[in-house]
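See below for the structure under consideration.
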Amino acid sequence: MNTPAITSSILLADGVSSASTSSHQMNSPHLEFKNLSVSYGPKVALRQISIQVPKNTVLGIVGPANSGKSTLLKTINRTIDFISTARVEGSVALAGEEVTTMKNVYALRRRIGMVFPLPVGLPLTVYENVAFAPRRIGVHGKAELDEIVERCLRDSVLWDEVKDRLDMLGTKLSGGQQQRLTLARALSLSPEILCLDEFSIAIDPVTTMKIEDVLMQLKEKMTIILVTNLTQQARRMADHVAFLNDSELVEWGENEAMFNRPKKEITGRYLNGEFG
Amino acid sequence: MHSQAQNPFGPTPYERKKERASLIAKVVTFVMSMALVIPMLLIIGLIFVKGWSVISVDYLWENPRGGGIAGGIWGPLIGTFFLTLTCLVIVAPVGVLAGIYLNEYAPDNRATRAIMIAVTSLAGVPSIVHALFGLGAFVVAMHMGKSLLAAACTLAVMTLPVIITSTREALAAVPRNFREACWNLGASKWQTIRTIVLPNSISGILTGVILVVSRAAGETAPIMLTGAAAYLPLPENMPDKLMPYYLGDQFLALAMHLNVIARDVPNMPTEMKFGSALVLLCLILLINSLAIIIRVQLRRRKRW
């Protein structure tokens with residue numbers, strides 16, 4: 001990793017964050033968790049979480065393993081439904097609409113791009129991987145699909161590596177490439193919320209930086225929820241940072257305040273890498 | 001032994017014992033596998049040697065005459081074909097769709113487990129019991145009479161668990177995270193099954209279906225009570241010869257024909273008995289090799 005690149009993105013992130021938070025703070029939040037609790041059988045995964053995410057901002061969620069970060073993401077697109085023991089209480093609101101009781105979960109999931117840490121290339125060609133979701137909602141025009149595929153693969157910084165072999169199986173790409181393919185697929189429906197769970201886990205630092213730059217641009221169009229184990233990544237990208245520990249929201253607030261003037265001592269220690 | 005004992009790098013008594021045990025295990029398991037293979041080769045060889053002399057185009061193309069003592073085996077051959085085809089038309093959609101339900105939709109609860117136990121138990125029921133069930137349910141209660149349809153239905157019930165189980169296994173071989181990736185994109189369960197799961201499990205499902213065909217073609221008991229005749233005069237004129245049976249008719253089938261000529265026809269020439277057995281055997285080997293070819297193809301086309 002080269003230091004100049006990091007510092008420049010920190011500056012970029014901070015610059016954008018202060019501008020956008022001030023202009024959007026007044027609006028009602030794009031995504032709001034209110035007293036959200038989730039349990040798997042007797043095990044509590046999330047306890048009374050309340051966070052508001054303004055439109056076109058990045059919320060960084062940090063916290064040690066098993067603190068409920070991924071569970072929080074699953075409540076947003078209701079994939080929590082697939083875990084039969086899960087019980088959800090409280091509310092998740094997407095642009096004012098209650099998510100936990102929403103009838104049409106398919107429409108909901110199309111509004112939310114989701115990237116989980118394990119890269120999954122579908123057993124289709126690279127092209128069809130990205131065109132999968134658009135096809136399912138009836139986009140069939142070749143020109144339109146071509147445009148979507150190229151845009152999403154460029155946004156996920158995979159285009160240059162695969163542009164000459166779009167008919168290759170997605171499952172045959174390397175781990176890091178498959179992870180970017182997963183990101184491209186998540187972008188294919190131009191979601192209003194993009195949830196990233198450890199998206200950079202299998203990706204080299206240089207490519208990660210490039211993706212982070214793209215994400216900062218995508219923020220103009222979507223709200224981003226970024227779960228990360230790299231506190232520096234949260235520092236570079238997030239407008240707000242939420243710190244989860246042991247199923248509870250310890251605290252959340254603006255990036256700068258969280259890193260420099262945390263209200264709780266444990267937050268400062270975690271964000272500075274002294275506890276984990 | 002003597003030279004080994006003097007060699008300081010030679011095996012210790014413990015090592016020699018271990019090697020001897022290993023050798024014994026190898027020999028015993030080899031002999032047991034041969035005990036499996038040799039009778040099979042002997043049976044196939046015997047049937048080939050004794051039945052080869054009657055095999056000719058005429059033997060395959062002529063209908064049996066005089067109660068089976070003369071002529072060929074066209075009637076039973078085409079009967080077996082129509083029987084397995086009808087059975088397949090009934091059992092394949094039911095079995096494959098049930099397998100899809102059980103693997104993709106059914107919640108993991110007591111009812112599902114009860115269904116799976118029922119499926120496994122059904123597979124363990126002896127074929128003569130299926131025959132009696134077919135006689136009671138299809139021939140008598142449903143007024144089908146002894147007919148091709150009743151026999152095909154009986155075979156369908158008998159082979160249903162095979163298709164359900166093989167379909168389930170083929171579907172379960174597709175990793176769950178492919179499904180989750182699709183659901184995350186807003187695809188419905190059916191869209192996911194249609195676009196990702198089925199295209200990647202179709203070869204496995206087909207293999208199961210083909211194995212069912214070979215089983216249905218070889219069964220005697222279930223069709224004996226439900227519609228297969230010992231002997232029938234068959235039409236010799238051209239279009240009728242290709243389709244001699246309707247669904248409501250009794251019919252001849254190879255397995256039944258063999259059963260009859262082997263026991264019930266006096267003065268039956270031996271080579272004709274072995275000839276029928278040879279044709280039945282080749283038919284089933286042919287169908288099974290088709291299943292093997294598809295399975296090999298499947299392995300080569302693995303997409304992840």
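Here is the naming used below: chain letters follow the sequence lines, and residue numbers restart at 1 for every chain. In this text the structure is predicted, and so the values were computed from the model without any measurement.
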How about [atom1] on [X], more than 12 heavy atoms from neighbouring residues, nucleotides or ligands closer than 6.0 Å, or not?
| X | atom1 | answer |
| --- | --- | --- |
| Phe81(B) | CZ | no |
| Lys34(A) | NZ | no |
| Met142(B) | CE | no |
| Asp81(A) | CG | yes |
| Arg87(A) | CZ | no |
| Lys26(B) | NZ | no |

* With a 4.5 angstrom heavy-atom cut-off, could you sort out which part of Phe132(A) is near chain B: side chain, backbone, both or neither? => side chain
* **Heavy-atom pairs under 4.5 Å with chain A, option from Ile196(B), Val174(B), Asp108(B) with the top count** => Ile196(B)
* **Proximity breakdown for Arg176(B) and chain A, heavy-atom pairs closer than 4.5 Å** => side chain
* To do: Tell me, for Asn184(B) versus chain A, whether the close heavy atoms (under 4.5 Å) come from the side chain, the backbone, both or neither.
  => both
* To do: May I ask you to test the Glu180(B)-Thr79(A) pair for a side-chain heavy-atom distance under 4.5 Å?
  => no
* Write down the atom of Tyr106(A), the atom of Ser188(B), and the distance for their closest heavy-atom approach. => CE2-CA, 3.5 Å
Once rounded to the nearest 0.5 Å, what's the spacing between atom [atom1] of [X] and atom [atom2] of [Y]?
| X | Y | atom1 | atom2 | answer |
| --- | --- | --- | --- | --- |
| Leu122(A) | Asn177(B) | CG | CG | 9.0 Å |
| Glu128(A) | Thr195(B) | CD | OG1 | 10.0 Å |
| Asn200(B) | Leu124(A) | CG | CG | 7.5 Å |

* Structure fact -> Ranked by heavy-atom pairs below 4.5 Å to chain B, first place among Arg136(A), Arg109(A), Arg110(A) goes to Arg136(A)
